[in-house]
Participant: 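Before anything else, here's the structure in question.
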Protein chains: 2
Amino acid sequence: MVTRTEGLISIDGLDGSLAQRVYRALRGGILDLTFNPGAVLRKGAICEQLGVSRSPVSEALARLSAEGLVDVIPQSTTRVSRFSMNEIREESFLREAVELAATVRVAVERTDDQLAQLSRNLRLQALLIEDRDFQGFFEADEAFHDLILGFTGFPNVAAVTTQMSLQVRRARMLILPEEGRLAETQDEHVAVLNAIRDRDADAACHAMSHHLRQLISRVEPLERMHPDYFRSH
Amino acid sequence: MVTRTEGLISIDGLDGSLAQRVYRALRGGILDLTFNPGAVLRKGAICEQLGVSRSPVSEALARLSAEGLVDVIPQSTTRVSRFSMNEIREESFLREAVELAATVRVAVERTDDQLAQLSRNLRLQALLIEDRDFQGFFEADEAFHDLILGFTGFPNVAAVTTQMSLQVRRARMLILPEEGRLAETQDEHVAVLNAIRDRDADAACHAMSHHLRQLISRVEPLERMHPDYFRSH
DNA sequence: ACCTCACAACTGGCATGTTAGTTGACAGGT
DNA sequence: ACCTGTCAACTAACATGCCAGTTGTGAGGT
């Protein structure tokens, strides 16, 4: 096994306690696959690289462990957790449950301003597709969903939903951007928006459900494409 | 279950690392209101009482802080978090979304064995009502919901659902046990069971929704009954 | 009596020393 | 060549020392 120097991360520019900064830096690195699933995280190396002592790093790793983003083997090693397709299916189920409930609620009680915000987001997505800005589209896509979750009137629902589907979000990074898929995604978003515009809760629910199931169907094949990123079972 | 000694807590009888034991002990104490909302948690006192050093206690408190069960004021104090009715409403929304999705799924694809398990649980509940064992009924009630969540085939859904509605679970402890309410709750459970028996997803969804909304309607008045347990805003 | 401000005591955050469990390499026997 | 038992090196877990920010208190001024 060849040891590799992992991509570098930094805690500069973040605020909060050292422990929180380390946590956010590591979490970000794990979520965007800077740290590959299965990669070993050495406390000593992290301390040296970030210029902090072991205390804040330990706290950060403990939190990541509680969230399932790292696997700690006592007295031995800490690794970035590998994917489990069952876990991903589970998270998809949870995410769909919450997003559909939010979509139904928003479809019923949306305001014109909320509709305008969603519409603006979709026009931004169209621009990003034209420019083939995959990363930008990825973020706009997330923003679209977070807008709907936020329109429930519950300020933390978006964050909680993200937190409960971290593995899905991470696995999503592995999906290769395909030209045609972006336009399809856009069409699905438009269908959701139109249903919300018409205050048609049932149509909105179906459109969102269809959209979310496109994602999981694209995640399923990843287990064969990246077997080393998945737990052997 | 956390063992208690004169209002204090102990980590004896738990396994895992010291940090995990401390975490579970404190979490249990917070969830069952052994520690009142707003109570100050002193690291030094906890260390002395549990006979451990500050490291595992710090890790436990950090985790509880991330979960929103404690509020840490840097360089000052750590307190058991107070309730926020908006947060409780938010958790209820999330919980309902997940439980309804689970109920629908289970109603469609239940097995006879699963039906038998639910039925056995309800007969147990009837016994506990006869004996006026409020605590036992409380736990059987939780078990009923966890059974349904588990029957989705996703082993972690029950735990995730608990985790996302910790404040609701805690607030629920404040509801005074009333004789009649137990029987009503039991009736609602029976309605859910019957709909699942008949594989009537729509009826099961409505029955569960009605049942869950009974809970939130009983939680709402708590803000006036225990103003000191709620955040002032 | 009341406000102000400085200080002492206490807190949590961070660094570092110490302990104990795991692991892999290697020597020695078969 | 192949097991096998031992041990050294490494790791996370825990204990403890130190520091900086917060806060209550009380002396002194108005």
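Each chain gets a letter, A, B and so on, in the order the sequences are listed, and its residues count up from 1.
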Participant: Testing the basics here: between B:G16 and B:R21, what is the closest heavy-atom pair and its distance to 0.1 Å?
Facilitator: O-NE, 3.3 Å
Participant: A:V52 has a side chain; which of D:dA12, C:dA15, D:dA15 sits nearest to it?
Facilitator: C:dA15
Participant: Check A:E91 with A:R169, please: is the shortest side-chain N to carboxylate O separation under 4.0 Å?
Facilitator: no
Participant: Just checking A:S55: base, sugar-phosphate only, or nothing, at a heavy-atom cut-off of under 4.0 Å?
Facilitator: base
Participant: OP1, OP2 of C:dA15 versus side-chain N and O of A:S53: anything below 4.0 Å?
Facilitator: yes
Participant: Once you round it to whole Å, what is the distance between C1' of D:dC18 and CD of B:Q75?
Facilitator: 13 Å
Participant: Parallel under 30°, tilted from 30 to 60°, perpendicular over 60°: which one fits the rings of B:F83 and B:Y229?
Facilitator: perpendicular
Participant: Which whole-number value in Å describes the distance from A:Q20 CD to C:dC14 C1'?
Facilitator: 14 Å
Participant: NA contact type, B:R54, heavy-atom cut-off 4.0 Å: base, sugar-phosphate, or nothing?
Facilitator: base
Participant: What is the distance, to the nearest angstrom, from the CZ atom on B:R79 to the C1' atom on C:dC10?
Facilitator: 14 Å
Participant: Salt bridge check, A:E87 against A:R82: does any charged N sit closer than 4.0 Å to a carboxylate O?
Facilitator: no
Participant: Quickly work out the A:R42 CZ to D:dC10 C1' distance and round it to whole Å.
Facilitator: 10 Å
Participant: When you match B:G44 and A:G51 each to their closest nucleotide on DNA chain C, which lands nearer the 5' end?
Facilitator: B:G44
Participant: At under 4.0 Å, does any side-chain N or O of A:T78 touch on OP1 or OP2 of D:dA12?
Facilitator: yes
Participant: What is the separation between atom CG on B:D71 and atom C1' on C:dG12, rounded to the nearest whole Å?
Facilitator: 15 Å
Participant: How many whole angstroms separate atom CD of A:E59 from atom C1' of D:dC14?
Facilitator: 15 Å
Participant: How many whole angstroms separate atom OH of A:Y23 from atom C1' of C:dG13?
Facilitator: 19 Å
Participant: A:E48 has an atom CD; how far is it from atom P of C:dT16, in whole Å?
Facilitator: 13 Å
Participant: Closer than 4.0 Å, any side-chain N/O of A:K43 to the OP1 or OP2 of D:dC10?
Facilitator: no
Participant: Does B:L61 offer a backbone N or O that forms a donor-acceptor pair with the side chain of B:S65 under 3.5 Å?
Facilitator: no
